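Structure, as structure tokens:
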Amino acid sequence: MTYYSYKLDAKNADGETIPLEFTAQKNLRKDAYLKMYVKNGDEVSSYDEVKFEDIPKKAQPK
């Protein structure tokens with residue numbers, strides 16, 4: 001089975017930046033917006049692709 005490793009800076013609902021590392025079983029779509037489910041501060045347990053308008057206002061890129 002192939003896994004893809006990712007390192008990215010995510011933003012929480014308050015707009016604070018959090019560095020995250022995680023793996024996925026598929027190659028994620030470039031420039032997609034992801035909702036990350038994080039536990040213990042930096043462990044990604046799951047993710048969903050979302051639309052830009054579903055991102056909290058404080059976390060939307062400027």
Side-chain angles (χ1 to χ4, degrees):
M1 185 174 269
T2 301
Y3 285 93
Y4 297 87
S5 180
Y6 295 94
K7 278 186 180 184
L8 53 87
D9 287 331
K11 291 198 176 194
N12 64 16
D14 294 324
E16 299 169 332
T17 301
I18 302 167
L20 295 176
E21 289 186 47
F22 67 101
T23 59
Q25 293 180 351
K26 65 179 184 175
N27 194 6
L28 300 176
R29 192 170 62 83
K30 184 177 176 165
D31 296 328
Y33 295 105
L34 300 175
K35 178 178 182 177
M36 311 299 287
Y37 298 92
V38 180
K39 60 182 179 178
N40 298 328
D42 64 352
E43 293 178 30
V44 177
S45 59
S46 184
Y47 60 87
D48 291 321
E49 187 171 330
V50 297
K51 296 178 184 176
F52 180 80
E53 52 270 7
D54 294 332
I55 300 171
K57 295 288 183 199
K58 289 182 181 178
Q60 288 181 356
K62 303 202 185 259

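As the structure is a computational prediction, the values presented were derived from the model and not from experiment. Values reported hereafter were calculated over all heavy atoms of this structure, with side chains retained and with hydrogens, waters and symmetry mates removed.
Residues Tyr33 and Asp48 bring no donor and acceptor atom of their side chains to less than 3.5 Å of each other.
The CD atom of Glu16 sits 13.5 Å away from the CG atom of Asp9 when rounded to the nearest 0.5 Å. The CG atom of Leu28 sits 5.5 Å away from atom CZ of Phe22, with the distance rounded to the nearest 0.5 Å. Note that the NZ atom of Lys11 and the NZ atom of Lys58 stand 12.5 Å from one another [nearest 0.5 Å]. Between atom CD of residue Glu21 and atom OH of residue Tyr6 there is a gap of 13.5 Å, rounded to the nearest 0.5 Å.
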- Query: Is there a side-chain contact (heavy atoms from CB on, under 4.5 Å) between Lys35 and Tyr47 once you walk through the steps?
  - Reply: CA-CA 5 Å; Lys35 178 178 182 177; Tyr47 60 87; over 6 Å; no
Legend entry - Verdict with reasoning, Met1 to Gln25, per side-chain contact (heavy atoms from CB on, under 4.5 Å): CA-CA 8 Å; Met1 185 174 269; Gln25 293 180 351; 3.9 Å; yes
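In this structure, the side chains of Met36 and Leu20 come closer than 4.5 Å at one or more pairs of heavy atoms.
By the 4.0 Å N-to-carboxylate-O rule, Arg29 lies close enough to Glu49 to be salt-bridged with it.
Note: the hydrophobic cluster containing Leu34 does not contain Val50 (ILVMFWY, side chain heavy atoms under 4.5 Å, direct or indirect links). Follow the hydrophobic side-chain contacts under 4.5 Å out from Ile55 and you never reach Leu8; the two are in separate clusters.
Other members of the cluster containing Tyr37 do not exist, because no ILVMFWY side chain is joined to it at under 4.5 Å.
At distances below 3.5 Å, not a single donor-acceptor pair connects side-chain atoms of Asn40 with backbone N or O atoms of Glu43.
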